[in-house]
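This report refers to the structure that appears directly beneath it.
All values derive from a computational prediction rather than experimental measurement. FYI, side chains are in, hydrogens and waters are out, and symmetry mates aren't considered; it's all heavy atoms of this structure. Here is the naming used below: chain letters follow the sequence lines, and residue numbers restart at 1 for every chain.
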Number of protein chains: 2
Amino acid sequence: MARTPRNDALILEVLGRNRRFRSCQEVHIVLVRRSSGQGKPPSLSTVYRALHRLVREGLLDTIRSPDGELLYRLCRTSDRHHHLMCRLCGRVEDVPQAEELSAALDRIGGASGFGGLDYTFELSGVCPRCS
Amino acid sequence: MARTPRNDALILEVLGRNRRFRSCQEVHIVLVRRSSGQGKPPSLSTVYRALHRLVREGLLDTIRSPDGELLYRLCRTSDRHHHLMCRLCGRVEDVPQAEELSAALDRIGGASGFGGLDYTFELSGVCPRCS
DNA sequence: ATGATATTGAAAATGGTTTTCATAACCATA
DNA sequence: TATGGTTATGAAAACCATTTTCAATATCAT
Ligand SMILES: [Mn+2]
Ligand SMILES: [Mn+2]
Ligand SMILES: [Zn+2]
Ligand SMILES: [Zn+2]
């Protein structure tokens, strides 16, 4: 059953090349460029499908760009962590999970009566190089 | 110069009616329903334009729904707070700011070298009524 | 009124993403 | 190697929230 689509490796390699979040279309363009000479690159649909699959399997993180595009990035660690994006150059840095959050979560869960609490904690700032 | 578009008040009133984030199209539908009998409701374009303007002026908060839609809500200007959305029914509850966050922010800022740190902390869960 | 400026509605365009569906690749089995 | 069932793929079309266009209105100062 668990057959491995033959393009997943390619896509993971593209995402592994640097530390920036990329849109599906950016990934696709890289694949198209890279396949000059070699055979045909995977189609855009295939890249979309592969990215979905990889997210589902926990191999990729996603964030949304300010204009609503979905961006993908190889997930370094399997531990939970946050993303700190530079507002000027767009580079993203991983930040270890803030352990303060679990306390806050517990407290909020208790006070609100909500169950199955989950959260997103996205950080932005200006990186040293840009300031 | 600062003419006031005649529909801004209407839209603000719709958003003021309850505490949920709403998409532009939801706001528009409310306006359409509400204008049965009275004159024509503003067009969808006008609602989009008004919401942009109100966000620009700082009167509205926005978040993105999981599927990428932009949602709007009247901004409680004063104190910072978080949003706890029910994954099943979509209702949003305000949660007082987690004071743990400021400590985490300071620590992360120091460790990363980033300046001007800002963050979003969005919560989701299952509300009492849905569980 | 006159004209300058800002707003509006209707329809079309945009653009990222998803769906469709026919075809190809894959894999187990005989 | 043939056979058949299952999954992956490409190309094009569909989707759908949002934006843009542009002609028609409304608004306001003079
Ligand atoms: Mn990550
Ligand atoms: Mn709020
Ligand atoms: Zn930077
Ligand atoms: Zn609920």
Checklist line | Rounded distance in Å - NE2 (H28(B)) to C1' (dA10(C)) | finding: 11 Å
Margin query: If you compare every side-chain N and O of Y48(B) against the phosphate oxygens of dT18(D) (OP1, OP2), does one of them come in below 4.0 Å?
Written below: yes
Margin query: When you group the ILVMFWY residues by side-chain heavy-atom contacts below 4.5 Å and let the links chain together, are I11(A) and Y48(A) in the same group?
Written below: no
Next item on the list: For the side chain of S45(A), starting at C-beta, report the closest nucleotide among dT20(D), dG10(D), dT18(D).
Entry: dG10(D)
Check: So which nucleotide from dT9(D), dT17(C), dG9(C) ends up closest to the side chain of N7(A)?
Finding: dT9(D)
Item checked: Value in whole Å for how far the C1' atom of dA17(D) lies from CG of D67(A) -> 13 Å
Check: Could you give the CZ-to-P distance, from R64(B) to dT17(C), as a whole number of Å?
Finding: 11 Å
Margin query: Using a 4.0 Å heavy-atom cut-off, does H52(B) contact any base of the nucleic acid, only the sugar-phosphate backbone, or nothing at all?
Written below: sugar-phosphate
Next item on the list: Could you grab the distance from atom CG of L70(A) to atom OG1 of T62(A), nearest 0.5 Å is fine?
Entry: 5.0 Å
Check: Quick one: which of dT18(D), dG10(D), dT17(C) gets closest to the side chain of Q25(B)?
Finding: dT18(D)
Next item on the list: Can you tell me the distance, in whole Å, between the CG atom of L51(B) and the C1' atom of dA17(D)?
Entry: 13 Å
Next item on the list: With the side chain of L44(A) defined as its heavy atoms from C-beta on, choose the nearest nucleotide among dA17(D), dT17(C), dA11(D).
Entry: dT17(C)
Margin query: Using the rule given for salt bridge (charged side-chain N to carboxylate O under 4.0 Å, His left out), can you reason through E26(A) versus R20(A), listing the C-alpha separation, both sets of side-chain angles and the distance that settles it, and then say yes or no?
Written below: CA-CA 11 Å; E26(A) 288 175 305; R20(A) 301 195 27 197; 5.1 Å; no
Next item on the list: Spell out, as yes or no, whether a donor-acceptor pair under 3.5 Å connects the side chain of H82(B) to the backbone of A98(B).
Entry: yes
Notebook entry, point to check: In whole angstrom, what separates Y72(A)'s OH from dT17(C)'s P?
Noted result: 6 Å
Checklist line | Check against ring-ring contact (aromatic ring centres under 6.0 Å, His included), F21(A) and H83(A) | finding: CA-CA 10 Å; F21(A) 279 88; H83(A) 297 136; 5.2 Å; yes
Margin query: Can you measure E26(B) atom CD to dC16(D) atom P for me and round it to whole angstrom units?
Written below: 15 Å
Margin query: Rounded to whole Å, how long is the line connecting atom CG of L10(A) with atom C1' of dG10(D)?
Written below: 16 Å
Notebook entry, point to check: To the nearest angstrom, how far is R49(B) atom CZ from dA11(C) atom C1'?
Noted result: 12 Å
Check: Which nucleotide in the list dG9(C), dT18(D), dG16(C) gets nearest to the side chain of T46(B)?
Finding: dG9(C)
